Amino acid sequence: MNIKLGQSYSFIHSSFNWWRVGVLVTAILFCLKSSGQSVINLTISNSQKNKISNLTVRFTACDSTFKHDTNLNGKVSFTVKSPICKQVRIQIESKFYENLDTAITIYTPSVNHCIYLQDKAQKIKQVEVVAYRRIAKNDAQKSIYQIDTRGMLKTTKADRALSFLPGIVASNDTYTLVGQNRRCRVKVDGRNATNEELKTISARDIERVEVHEMTKDDDSGTAGEINIIKKQRQHPRAYARLSTWTGMLHPQVGTYNNFGFQNKKWDIMASFNLVCHTQKSENNITRYFSDTPTQRLTLLRTIKTRQDAEYIKLNHFATDRLTITAAAFHSGYPADATDSGSDFNGADYQRTSNEKIDHYGGYTNIGYKMNSRNTLTIKGNYYYYRYAIAYPGSDIESYRSAMREYTGELLWENRIRLFGHDHDINAGFKNVYRQNTTSSALGRHTDYSIQQLYLTEHYAFTQDLSVYAILKGETDNLRGRHDYVFLPSLRFNYNLKKGGSLSAGYQRRITRPSVDHLNADTLFINDFTQHVGNLDLQSQYNDAISMSWRRQIRNAYLTLTANYEDESHVISQIYITPDNYNATTYANIGSSKYTAVSANYSQRFCKNRMNVSLSLTGFHRSYELDGTYREQTLMQTSKGWGWTSNLNMSYLSTKGWMYMLSANYRPKSYSLNGIFHRNPQLFLTISKNLFKDRLELELNFLNSLVYCWNTRSDTYFRNMHQQSIRRLYANNITITVAWNIGKQFRGRSAASSISNDDITTKKGE
């Protein structure tokens, strides 16, 4: 086939033009398609400019509707394909934000918009906010609790408020720490306080309560300390509280009055307490012998007593650094008793006795604050104790004992900083001199002195782990020779965050014989109870180990403890005279072991109007005699298991009436050779305030559900079992009226008296 060049070129050129036309048409169509689509990008945020995710957005463009959800960044995209659609409708509906219905005009193929949604306004009928206050803060040295006065009258006093603090067991005006079988000391702003004084302190004036499970002053009678810190002092003012009460079932009348004055330089506080009442009891003793007939004794006792107590304290704030304190006190317990009944021989008798117990004391202290971290205190104490009992018209010899105690103490409180941490250190020296006198014809005295050197430190390893250590050394010449003792204490605490607080401790305590233990005279109490002292008594020692766990559960607080105590050289009464089951003497009889597991639970109910505190303890007690007495004594030691329970409840009605119920039950307890059985004790108080809380009215019921409060004790000897059933007519109904004058203020912190609890004296209670 022959083709010419010109023809060939014409064909190729024609094909190339069609190809160019196709590419051009395709590009035009593509451009037309591209210019017809628009991409809309939205970012959805709230009024705080926080992105909102998982929110459904509805798009409507030219009769087409689509729904898309925002991503985690609050963004959503939508493509408008129609080139003629120039407006897009956007709709948002939500439960939490105001509904949105708006339109967006499209000007460019890619549109970026930010939309802010407003929180939806709803008609709220009721909002309930549940919040739980922090109840406690724990470390190795102490636990700090806040008094929650909700559910209490404005005039509720400190003695009632303490009943509902976690870890504190309150029963009939006595306070112990859960797991302990010893009462604890109560202080106000660092100084010793009586229960009558607690009844004058308003719970609303308490800033916090510090509970120390161990202190350098722990001895035979006490274990631990409750320190009430009152709120900051107010303007200079005067205050008085006058109260009186009377019994409705049994003769009883009492009054407690306290006064206070404060200005820039002085704090003056004084109180007066007087109680007169008559108490009746009945005691039936039965002795079951293995080889002789049964013997019985009946004792009916009527006691008319008058208890009085006076106290005055002056604090002088000479400068911001120098404080001088002086105080004096007295408490007396004179009582006249009439005993009647029949003795073990069947003969009737009637006898009267006059008993008198007195406590006098005073102290003067000087405190100087060298700087914010160093304080020096010098203390001087005087204390006089006297006990006497006489039997007019009888051949029974009178008994008398007395003790004078002089104490001086130098205390240095310092906070030092080592290796980036604070160390709270207290160091001190104390010297005690005691003069014991008796009515013995032998004229023997047991004067002795005690020197004590102590050091305490609180140190926090971390925010959660802390340790508290007490190093205490003492020496005395109690038996005419110098004895040296070392009394260490150590306690660790670890906070487990939400798991609560865990603590463990060890403590060694000492108990010295009191003047009545060292009195060689015979103390005649009744026909089956006579005590003879022993001049050769040694001190008693106690080693205690404890573990505890605490945790706040919402508005409740739970405390669990385990305690073990091992006592050696136990001072107790022992029967050593052959076939004489009436007379005992004091001796270091051997050892005693005590193990206990306890729980304390406190919570609020009825929108905080009801307080409930419940304590349960299970324990085991055992005694073991030394070989010296095992063959001589007539008694057989006792041991066994027991449990105790304590319940405190209060309820504040909407009408302003406050109801308080206290109940305690210890069905079985143990002594060296005896087991005691007790019935429950019940206390109910109804109170009301009038005239803007100036007038306080109270109605108190004591054991009103049972007319007689019975106790039974079983005492075991080699060939005899003695059972005693005591019936105490202690139930009563009393009415209390109190009038408040002025507004109570806080006494500024100053030095307190010296605690010497290493012996026990008769209190007349």
Side-chain angles (χ1 to χ4, degrees), residues 176 179-183 218-223 285 287-288 290 507-514 516-517 528-534 536-546 562-598 617-644 666-678 711-724 726 758-760:
T176 58
Q180 297 280 3
N181 62 344
R182 289 173 171 81
R183 65 180 179 86
D218 291 347
D219 285 299
S220 60
T222 59
I285 311 297
R287 289 176 172 175
Y288 304 93
S290 59
Q507 187 173 27
R508 182 170 175 81
R509 296 184 286 247
I510 187 172
T511 303
R512 291 184 174 87
S514 71
D516 295 302
H517 295 157
F528 65 94
T529 308
Q530 296 107 49
H531 303 318
V532 181
N534 181 1
D536 296 323
L537 284 176
Q538 304 178 43
S539 298
Q540 171 182 313
Y541 299 96
N542 176 281
D543 293 279
I545 300 174
S546 64
N563 298 76
Y564 174 77
E565 296 184 11
D566 186 358
E567 290 183 326
S568 58
H569 302 288
V570 174
I571 300 174
S572 182
Q573 299 162 15
I574 194 167
Y575 298 80
I576 58 174
T577 306
D579 301 324
N580 188 346
Y581 299 100
N582 301 323
T584 64
T585 186
Y586 292 96
N588 299 102
I589 56 96
S591 61
S592 168
K593 292 178 173 57
Y594 175 81
T595 306
V597 177
S598 308
T617 298
F619 66 89
H620 182 269
R621 167 75 79 176
S622 65
Y623 291 89
E624 184 176 352
L625 294 174
D626 282 346
T628 307
Y629 300 103
R630 192 175 296 118
E631 300 298 329
Q632 299 179 9
T633 184
L634 302 177
M635 63 178 57
Q636 293 180 346
T637 57
S638 64
K639 65 178 180 179
W641 297 89
W643 62 277
T644 64
R666 184 168 187 160
K668 185 185 293 185
S669 59
Y670 300 87
S671 67
L672 177 60
N673 67 322
I675 302 176
F676 300 89
H677 305 266
R678 295 179 175 86
T711 61
R712 187 182 91 247
S713 62
D714 295 288
T715 310
Y716 299 93
F717 300 89
R718 289 181 183 176
N719 61 344
M720 189 264 286
H721 168 218
Q722 176 176 293
Q723 186 176 86
S724 173
R726 188 186 185 197
D758 59 321
I759 63 171
T760 302

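Since the model is a prediction, treat every value here as computed from it, not as a measurement. Values reported hereafter were calculated over all heavy atoms of this structure, with side chains retained and with hydrogens, waters and symmetry mates removed.
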I574 and side chain to side chain contact (heavy atoms under 4.5 Å, CB included): which partner among N534, I589, T584?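 The side chain to side chain contact (heavy atoms under 4.5 Å, CB included) with I574 is passed solely by I589 among N534, I589, T584.
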Give the minimum heavy-atom separation between [X] and [Y], together with the two atoms involved.
| X | Y | result |
| --- | --- | --- |
| S713 | F676 | CB-CD2, 3.3 Å |
| K668 | H677 | CE-CE1, 3.9 Å |
| Y594 | G179 | CE2-O, 4.5 Å |
| D516 | Y586 | O-CE1, 4.1 Å |
| N588 | S539 | ND2-O, 4.2 Å |
| S671 | S638 | O-OG, 2.6 Å |

Less than 4.5 Å apart, any side-chain heavy atom of Q573 and any of L672?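 No, their side chains stay 4.5 Å or more apart.
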Got a sec, which residues hit side-chain contact (heavy atoms from CB on, under 4.5 Å) with Y564, two or more places apart in sequence or on another chain?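 Per chain and number, Y564 pairs via side-chain contact (heavy atoms from CB on, under 4.5 Å) with D566, K593, T595.
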Can you measure from CE (M635) to CZ (R718) and round to the nearest 0.5 angstrom?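 Here the rounded value is 10.5 Å.
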Polar contact flag, side-chain donor to acceptor under 3.5 angstrom, Q723-D714: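 Distance-only check passes for Q723 and D714.
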Distance-only polar pair, side chains of R678 and S669, donor-acceptor under 3.5 Å: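 There is such a pair (donor and acceptor under 3.5 Å, judged by atom type) between the side chains of R678 and S669.
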Distance-only donor-acceptor hits, side chain of residues 620-631, under 3.5 Å, sequence neighbours excluded:
unit_1, atom_1, unit_2, atom_2, d
R621, NH1, S592, OG, 2.8
R630, NH2, L625, O, 2.5

Could you walk me through whether E565 and N181 pass the side chain to side chain contact (heavy atoms under 4.5 Å, CB included) test, one step at a time? CA-CA 10 Å; E565 296 184 11; N181 62 344; 3.4 Å; yes
